[in-house]
Amino acid sequence: MVYNFKKIEKKWQKEWEKSKIFEVKEDSKKKKYYVLDMFPYPSGEGLHIGHAFTFSLGDIYARFKRMQGYNVLYPVGYDSLGLPAENAAIKAKEHPLDYTKRSMKNFMKQEKAMGWSYDWSRVVASHDPEFYKWDQWIFLKMFEKGIAYRKKAPVNWCRKCDTVLANEQVTDGKCWRHEDTDVEIKHLEQWFFKITDYADELLEGLDKIDWPDNAKKRQRNWIGKSHGVEIDFEINNEKWGIFTTRPDTIYGVTFMVVSAQHARLDELVTDEKKKDVDKFLKKLKSVSEKELGDMEKEGVFTGSYAINPVNGEKIPVYAGNFVLADYGSGMVMAVPAHDQRDFEFAKKYSIPIKVVINPAEYDLDADKISRAYTADGRLINSSDPRKSKISGATKSKTAPTRRDGEDFDGFDNWNSREAIEGISDFLEKKKFGKRVVQFKLRDWLISRQRYWGTPIPIIYCDDCGIVPVSEKDLPIELPKNVKFGKGNPLETNKKFVEVKCPKCGGKGRRETDTMDTFANSSWYYLRYADPKNSKKIFDEKKANYWAPIDQYIGGPEHITMHLIYVRFYTKFLRDLGLLKFDEPALKYFTQGIVHAADGSRMSKSKGNIIEPLDMIKKYGADTLRLALVSFASPDKDTNWDEKIVLGNHKFLNKVWDYFSDLKNINGKVDLKVESKLNKTIKEVTGYVDKFKHNLAIIRLRELFDCFDKIDKKTAEKFLIMLHVYCPFITEELWNKIGNKGFISQAKWPKFDEKKIDEKFEKAEKESDGLVGDINNLLRIMEEKKQKVEKVYVYVLPNEVDNYFAEELSKRSHTEVVVYSVADKDKYDPEGKSKKAKPGKPGIYLE
RNA sequence: GCGGGGAUGCCGGAGCGGUCAAACGGGCUAGGCUUAGGACCUAGUGGCUUAGUGCCUACGAGAGUUCAAAUCUUUCUCCCCGCACCA
């Protein structure tokens, strides 16, 4: 019988839809399990192979947990707001709303074709005002708590997107969506979320969750906590704080560098240097951010001098292109002898280099070193010359001692590591500075000057200033009637923009910026718990029943964006008292990326895209699913190869043929098969749980290969295990072999350790060995041109059951006779039976 | 520069201290089955050897730990990825 996958897959899609078996309710008696794939953006192109892969992983897991008896929430939705949709719509000369609706419909159709077992009653879409209303609600709460705030800041601007970007959306100085477009820096007033308030918690929370190490490390790196000291340097009779992690080098500071973008740079520039500085700044503006990264360290003297608090030295202040304006205080103390960047700068501008740390083995010579010495060592030149004069400090070479108070005379001979602490103590004691913690993480810039996003619920009033929209007026809906072209389309709708001030009733102007699309994906997982609630963002009982996500699945590209934001939102909503947990996802699986056959990225421009739909048409969704996850370990990157699909299709054909013939499953329980079955259940259960689907499928194939005539229970258990990978064909066969209902609702099989008997496997191995031996002998005889008619095998009496003449004959293509060594009537003209050893029967050829 | 991952047979990929010449798939070879088959079944697929044996060489390169290493340590080479002037 032909395996008509098209018919079968269509049939079961309908059956599942009709029966609604994947819809779930809260059930206090059942243990819940929440499986979630990352919120997809519904592109007009439909599903790509990456979707097919990652969502299949989710579906496999959801089906697995469901069969194991959990109350499984496995929802789907659409991250339908956002720049890509707007851009695609403009390109197609279509309204984003129409484009989005069409894309979503197309997506749903394809998702159903893949056999993903979503609870379709819970679909959410972020472009739905009933959804983004709650974005706005959260915004208002954040505004209330001071988490959402407005400030002027140097921001990343993409000309092509026509909007600002978050730091996370800039890669190599280029826009994350336009690899060919350099990001420009503009100074604009923008909305920010104060994610940095949660920096410490975001860091510590990582210890509590079961995520891949790699993901955790990347987040830690991104958050970038470092301990250091903020030291006050006096410039023009005013104190300027600078951040350093190396207070041990403070005696080696020979100049200061302030960021060229520093807001208060003007105050440092003296009149006679103004021209120079302006020239320098102008030059910087003409280069893009990207080139700035590659550029040599450059700077210009501002004319001002700073006083080093520890030794009273007067040092020049430069403006430089390599100092970040928004990290630390935007100014650094430069120690050329012990920092490579400072070293290069000092060399370029002939600034003195002062060694204050020597390696253990030798002394550095400031005039001769070719690069900064950044390792640990022993401090020199690290005392206050003003004090030394008074006290006539002895230059002892003895072990350093900790000095307190007035008799302090420096840190010479201290170990630099200890000096970090010692000098920090000293600075704090003298009130020259204080210990501080710095993060690389910046506040999240969420303003976007584009149309297809959540409107920010704020009104500007000349009299009242920034006024939040009141909660009862939510949602602020996106007007459909806008003109696309230059600038923010929302500004073209007067009715939207011109509003009354909610406070004074006077003339107000509505904020036309929309929110970053990542806002939506930061809390959508909670809305699934209660998707239709029109009164509240979600019912807290429901949210706390289903959430947090037990198993989250998605690509590595989201580790530093979405996965940070969603953690931040979760903590914020917890602080509002809505959630009883701190982390959105307890477990996270990062799948590998499927590349094109040649290892390059799949992209439309390269024309190397594999369409899942094509594969479904050619081989069926079951085959595609099986192929995608059996190819390699799912956490590894792979290169696509259609041969894999072909091989899996063959396998499913065999499965189909085998189970279609009911005679095959009318057999009796066979101990050998039973042992193998139980062992397979044991292993496959473990593999599925750990996403090692490639290995699980191998085990299933091996089990299938050992089937001859089997009993119905065995058949069922095999089908159930295969079902998580191939839901359609197994559903059909489940019915075919006489079961009512859905295999989707069957119970995952349990294994019985007692039924696993390694002797069968051993016997099988020995039997394989014997076949090998026989064939080997036959080959040798053939080479010697000796004809062999019959093969006689002499088996030790206790092993007689392990060898079957029929099987051996078949596999060696020669008639085989099996004797027990103990058989008195055996035919054994050359006494080969004496050679029989355990697991190794004697052989005689004739 | 920092951080992560990788290098295994003709190929994709398992294995991560002994049970490894190395799962499973693909390819190829031989045979069978067939009107035919790119379908299916069986066997083989590092080298040398042999009535079923045994030996040698192999898991990017070198060194080491160990009774024992593809598997552990270390150095090196190459590849991929993430962050990147974070003081």
Side-chain angles (χ1 to χ4, degrees), chain A residues 168 171-173 212-218 220-222 224-226 228 242-246 249 257 259 292-297 320-324 326-335 338-342 344-345 374 438-442 556-557 559-560 592-593 595 597 599 627 630-633 635-644 646-648 650-651 653-654 657 692 694-695 697-702 705 762 765 768-784 786 788 791 793 807 809-813 830 832 835 840-845:
Chain A
E168 288 81 350
T171 314
D172 270 345
D213 276 348
N214 182 20
K216 290 191 187 184
K217 276 183 185 146
R218 276 176 63 186
R220 283 200 186 97
N221 191 243
W222 189 264
K225 184 177 186 173
S226 50
I242 60 94
F243 175 73
T244 182
T245 54
R246 292 293 304 273
T249 62
V257 188
S259 168
L292 211 66
D294 298 338
M295 234 166 63
E296 209 179 318
K297 322 252 168 293
N321 65 353
F322 67 98
V323 176
L324 298 174
D326 55 354
Y327 182 78
S329 53
M331 194 183 329
V332 297
M333 62 177 216
V335 187
H338 305 293
D339 181 285
Q340 187 58 23
R341 289 159 306 187
D342 300 346
E344 286 168 30
F345 193 90
T374 54
Q438 280 288 339
F439 292 95
K440 285 195 215 173
L441 184 73
R442 313 296 155 82
E557 67 275 20
I559 291 170
T560 49
I593 295 168
H595 296 291
S630 66
F631 192 0
S633 183
D635 60 343
K636 292 215 165 129
D637 291 358
T638 47
N639 298 345
W640 177 257
D641 186 348
E642 195 163 331
K643 282 195 196 115
I644 302 292
L646 221 65
N648 284 102
K650 272 192 202 169
F651 172 64
N653 261 300
K654 279 191 250 177
D657 286 343
K692 300 234 172 225
N694 53 329
L695 300 178
I697 289 160
I698 285 168
R699 291 286 108 85
L700 288 175
R701 290 178 91 122
E702 285 171 348
D705 281 345
K762 209 176 140 220
K765 242 185 210 155
D768 280 350
L770 180 61
V771 170
D773 287 347
I774 292 172
N775 280 310
N776 195 198
L777 285 177
L778 288 172
R779 206 196 66 241
I780 291 166
M781 295 309 263
E782 197 184 338
E783 274 163 17
K784 290 190 173 169
Q786 285 182 306
V788 175
V791 179
V793 173
E807 187 201 342
S809 302
K810 202 175 151 200
R811 291 174 68 180
S812 61
H813 311 297
E830 292 191 10
K832 294 283 186 193
K835 292 189 89 174
K840 212 159 177 43
I843 303 169
Y844 172 63
L845 305 187

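Because only heavy atoms are used, hydrogens play no part in the values below, and waters and symmetry mates are left out as well, while side chains stay in. So that the names make sense, note that chain A is the first sequence line, chain B the second, and so on, each numbered from 1.
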_So A/D641, base contact, sugar-phosphate only, or nothing? Heavy-atom distance under 4.0 Å._
nothing
*Can you tell me how far P of B/U49 sits from CD1 of A/I780, to the nearest Å?*
12 Å
*What is the nucleic acid contact for A/F631, judged by heavy atoms within less than 4.0 Å: base, sugar-phosphate only, or nothing?*
sugar-phosphate
*A/K654 has a side chain; which of B/U42, B/A84, B/C41 sits nearest to it?*
B/C41
*Using the C1' atom as the reference point in each nucleotide, state the distance between B/A58 and B/U8 in Å, no decimals.*
10 Å
*asked:* Tell me the interatomic distance from A/L695, atom CG, to B/G12, atom C1', rounded to whole angstroms.
replied: 14 Å
*asked:* Suppose we define a pair by two distances each less than 3.5 Å, Watson-Crick or G-U wobble; what does B/G3 pair with here?
replied: B/C81
*asked:* Tell me which nucleotide, if any, is Watson-Crick or G-U wobble paired with B/A43 when both distances must be under 3.5 Å.
replied: B/U29
_By nearest atom, which of the nucleotides B/C41, B/C24, B/C85 is closest to the A/K810 side chain?_
B/C41
*Whole-Å C1' distance, B/A22 and B/C16*: 13 Å
*Round to a whole Å and report the spacing from CD of A/E344 to P of B/A87.*
16 Å
*asked:* From the set B/G4, B/A87, B/G27, return the single nucleotide nearest to any side-chain atom of A/K650.
replied: B/G27
*Identify whether any heavy atom of A/R779 sits under 4.0 Å from a base atom; if not, whether one sits that close to sugar-phosphate; answer base, sugar-phosphate or nothing.*
base
*Side chain of A/D773 (C-beta onward), nearest among B/G25, B/U53, B/A87*: B/U53
*Remember a base hit wins even if backbone is also touched, and classify A/P841 as base, sugar-phosphate or nothing at under 4.0 Å, heavy atoms.*
base
_From CE of A/M781 over to P of B/A30, roughly how many Å is that when rounded to an integer?_
23 Å
*asked:* On a heavy-atom basis, which atom in A/R218 and which in A/T560 lie closest, and how many Å separate them?
replied: O-CG2, 4.1 Å
_Rounding to an integer number of angstrom, what distance separates B/C33 and B/C41 when you compare their C1' atoms?_
7 Å
*Just how far, in rounded Å, is C1' of B/G44 from CG of A/L778?*
13 Å
*Is the backbone of A/I593 close enough, under 3.5 Å, to the side chain of A/D637 for a donor and an acceptor to pair up by distance?*
yes
*asked:* Categorize A/K840 for me: base, sugar-phosphate, or nothing, with a 4.0 angstrom heavy-atom threshold over every strand shown.
replied: base
_For a quick check of understanding: with a heavy-atom distance under 4.0 Å over all strands, which category does A/K784 fall into, base, sugar-phosphate or nothing?_
sugar-phosphate
*Using the P atoms only, state how far B/C10 lies from B/G47, rounded to an integer number of Å.*
9 Å
*Side chain of A/I698: nearest nucleotide among B/C85, B/C83, B/A23?*
B/A23
*Given the C1' atoms of B/G27 and B/U66, what is the spacing between them in whole Å?*
39 Å
*Of the nucleotides B/C85, B/C83, B/A87, which one has an atom closest to the side chain of A/S226?*
B/A87
_Protein-nucleotide distance (A/N694, atom CG; B/A23, atom C1'), rounded to Å_ = 11 Å
*Between B/U74 and B/C83, how far is it from one P atom to the other, in whole Å?*
27 Å
*Classify the nucleic acid contact of A/I593 as base, sugar-phosphate or nothing, counting any heavy atom under 4.0 Å across all strands shown.*
nothing
*Using a heavy-atom cut-off of under 4.0 Å over every strand shown, decide if A/K643 touches base, sugar-phosphate, or nothing.*
sugar-phosphate
*Proximal nucleotide (of B/A87, B/C24, B/C83) relative to the A/T245 side chain*: B/A87
*With sugar-phosphate meaning primed atoms plus P, OP1 and OP2, does A/G769 contact a base, only sugar-phosphate, or nothing at under 4.0 Å between heavy atoms?*
nothing
*Say you pick atom C1' in B/C59 and the same atom in B/A21; how far apart are they, in whole Å?*
10 Å
*asked:* Taking B/G62 as the reference, what is the distance to B/A14 when you measure between their C1' atoms (whole Å, please)?
replied: 27 Å
*asked:* Looking at B/C83, I'd like to know if its phosphate oxygens (OP1 or OP2) sit under 4.0 Å from a side-chain N or O belonging to A/K217.
replied: no
*Any idea which of B/A23, B/C85, B/A43 is nearest the A/L324 side chain?*
B/C85
*Is the number of heavy atoms from other residues, nucleotides or ligands within 6.0 Å of NZ (A/K225) greater than 12?*
yes
*If you look at every strand shown and take non-hydrogen atoms under 4.0 Å, does A/V323 touch a base, only sugar-phosphate, or nothing?*
base
*Round to a whole Å and report the spacing from CZ of A/R699 to P of B/G15.*
10 Å
*Using only side-chain N and O atoms of A/S630, determine if any of them is under 4.0 Å from OP1 or OP2 of B/C24.*
no
*Show your reasoning for whether side chain to side chain contact (heavy atoms under 4.5 Å, CB included) applies to A/T245 and A/Q438.*
CA-CA 10 Å; A/T245 54; A/Q438 280 288 339; over 6 Å; no
*Determine yes or no for a side-chain-to-main-chain donor-acceptor pair under 3.5 angstrom, with A/S259 supplying the side chain and A/V323 the backbone.*
yes
*Could you please name the partner base of B/C24, counting Watson-Crick and G-U wobble pairs only when both distances are under 3.5 Å?*
B/G12
_Working to the nearest 0.5 angstrom, can you tell me the gap between A/L700 CG and A/D705 CG?_
11.0 Å
*Grab the two heavy atoms, one from A/L845 and one from A/M781, that are nearest each other, plus how far apart they are.*
CD1-CG, 3.5 Å
*For A/H813 and for A/Y844, find the nucleotide of RNA chain B with the closest heavy atom, then tell me which residue's nucleotide is more 5'.*
A/H813
*Contact class for A/Q340 vs. all strands (heavy atom < 4.0 Å): base, sugar-phosphate, or nothing?*
nothing
*Could you pull out all residues at least two apart from A/R701 that satisfy side-chain hydrogen bond (donor to acceptor under 3.5 Å, both in side chains)?*
none
*OP1 or OP2 of B/A87 less than 4.0 angstrom from a side-chain nitrogen or oxygen of A/R246, does that happen here?*
no
*asked:* Can you work out whether A/T244 or A/K832 has the more 5'-proximal nearest nucleotide on RNA chain B?
replied: A/K832
*asked:* Under 4.0 Å, counting only non-hydrogen atoms across every strand here, what does A/S812 touch: a base, just sugar-phosphate, or nothing?
replied: nothing
*Determine, for A/D342 against A/K297, whether the closest basic-nitrogen to carboxylate-oxygen distance falls under 4.0 angstrom.*
no
*Could you tell me which nucleotide pairs with B/U57 by Watson-Crick or G-U wobble geometry, both distances under 3.5 Å, or answer none if nothing does?*
none
*Provide, to the nearest angstrom, the distance between the CD1 atom belonging to A/I644 and the P atom belonging to B/C11.*
15 Å
_For B/U73, the Watson-Crick or wobble partner whose two distances fall under 3.5 Å_ = B/A63
